[in-house]
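Below is one structure; the comments refer to it alone.
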There are 2 protein chains.
Amino acid sequence: MSRATPHHDDCSVTKALDIIGDWWALLILRNAFHGMRTFDALQKQLGISTSVLSSRLKTMTEAGVLQKVVSKADGRSFEYRLTASGHDLYPVLVALMQWGEKWRPSAKGQRLMLIEKASGLPVQGVAVLAADGRPLKPWDVAPVPGPGADERVRELIGPH
Amino acid sequence: MSRATPHHDDCSVTKALDIIGDWWALLILRNAFHGMRTFDALQKQLGISTSVLSSRLKTMTEAGVLQKVVSKADGRSFEYRLTASGHDLYPVLVALMQWGEKWRPSAKGQRLMLIEKASGLPVQGVAVLAADGRPLKPWDVAPVPGPGADERVRELIGPH
DNA sequence: CAGTATCCTCGCAGATACTG
DNA sequence: CAGTATCTGCGAGGATACTG
């Protein structure tokens, strides 16, 4: 991660990566989407050191994707809950998972993490939407063609 | 990144992250989707050191998301093109960008990167699909509820 | 233009120990 | 259970120089 070296990169992707472009952050989120919410459970399942987990949770809380709340049941333990913005990261996770399932299939299939509220059924995955809202297939989309790509990027994102 | 420390984590997300859970890899892909394909252009725009860029391109090529081809026009320069599996990473990028635009809006709005082949129009974004294929809104989905989350994760992903 | 080769450093992550 | 504190290494990444 080059969060250390400041990038004057005014790009949405960069900004998203600033928070979740991190190995542990994504895995914490993955577990959070499965409902895992406590420090201890995360630490044990991920095999992460306590100091790093603590720092990650702090960063993610400050970034507003997680919220630390006192557990009602217990009173002295805590829960890290997904905020609205954290919840909105769900498509990123599902997109990653879909890609992994297609191109790096694991022995045991992996179920998706969210359900549709109305039906209670697991969601299917994620899809790119056309301008009119139709879901598109991968082969229906293509990179912007033609020359001038380098200039376009520099204009859009900025020269370094 | 803890790709160094081996994780016996048989999870699609983990496997996807192994290739693209990296600051530079994602930015390279972002630029690739905009049509930026040469070593030099990438190096200049990203402000990355040549050695790191070289290593990233090698890794990504070996991982099969990029393909190194001789540029027809020139004959002695090269292009790094998205493969089919690289192209399939598009939803991940768009999901990231969408999140960034919503929660970390930049001064100048950012356009999306791909067009629909049929219409030539830029795509709208990405959406989660219900079991029957309907695109869902964020508030229509929820994490799997109830207790037992910790056990579920351990069962699904494995204990460390 | 497209890299490879070296050197160097600084910060991230793990390990361990301790606290309320 | 939920962390903080400290120490230590090692390796990713930048800078620079050189090559076909």
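Every chain is numbered from 1, with letters handed out A, B, ... down the list of sequences. Worth saying up front: this structure is predicted, and the values here are computed from it rather than measured.
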Task: Under 4.0 angstrom between A:R56 side-chain N/O and C:dA13 OP1 or OP2 - done: yes

- [ ] Show the numbers, then the answer: is there a side chain to side chain contact (heavy atoms under 4.5 Å, CB included) between B:R134 and B:L136?
- [x] CA-CA 6 Å; B:R134 274 173 306 118; B:L136 293 169; 3.9 Å; yes

TODO: Rounded to the nearest angstrom, tell me the gap between atom CG in B:L42 and atom P in C:dC1.
DONE: 12 Å

- [ ] Starting from Watson-Crick (N1-N3 plus N6-O4 or O6-N4) and G-U wobble pairs under 3.5 Å, report the runs of at least three that DNA chain D belongs to.
- [x] C:1-20 with D:1-20

Task: Evaluation steps, salt bridge (Lys or Arg N to Asp or Glu O under 4.0 Å), between A:R56 and A:D22 - done: CA-CA 9 Å; A:R56 281 297 166 283; A:D22 177 273; 3.1 Å; yes

Open item on the list: Rounded at 0.5 Å granularity, tell me how far CG in A:L53 sits from CG in A:L27.
Closed with: 11.5 Å

TODO: For the pair B:R104 and A:D18, find out whether any cationic side-chain nitrogen is under 4.0 Å from an anionic carboxylate oxygen.
DONE: no

TODO: Spell out, as yes or no, whether a donor-acceptor pair under 3.5 Å connects the side chain of B:S55 to the backbone of B:S51.
DONE: no

Task: Reading 5' to 3' through nucleotides 2-8 of chain D, protein heavy-atom contacts under 4.0 Å coded B for base, S for sugar-phosphate only, - for none - done: SBBB---

TODO: Starting at atom CZ of A:R37, determine the distance to atom C1' of D:dC1, rounded to an integer number of angstrom.
DONE: 17 Å

TODO: Test A:F33 against A:Y90 for ring pair (Phe, Tyr, Trp, His ring centres under 6.0 Å), laying out the working first.
DONE: CA-CA 8 Å; A:F33 276 113; A:Y90 178 65; 5.3 Å; yes

- [ ] Let me know the distance between CG of B:L46 and C1' of D:dG14, rounded to the nearest Å.
- [x] 14 Å

Task: Gap between atom CG of B:L114 and atom NE2 of B:H34 - 0.5 Å precision - done: 9.0 Å

Open item on the list: Within this structure, what is the CD-OG1 distance for the pair A:Q43 and A:T50, rounded to the nearest 0.5 Å?
Closed with: 6.5 Å

Open item on the list: Please pick, from D:dG14, C:dG14, C:dA13, the nucleotide with the shortest atom-to-atom distance to any side-chain atom of A:D22.
Closed with: C:dA13

Task: Interatomic distance where CH2 belongs to B:W24 and C1' belongs to D:dA12 [whole Å] - done: 12 Å

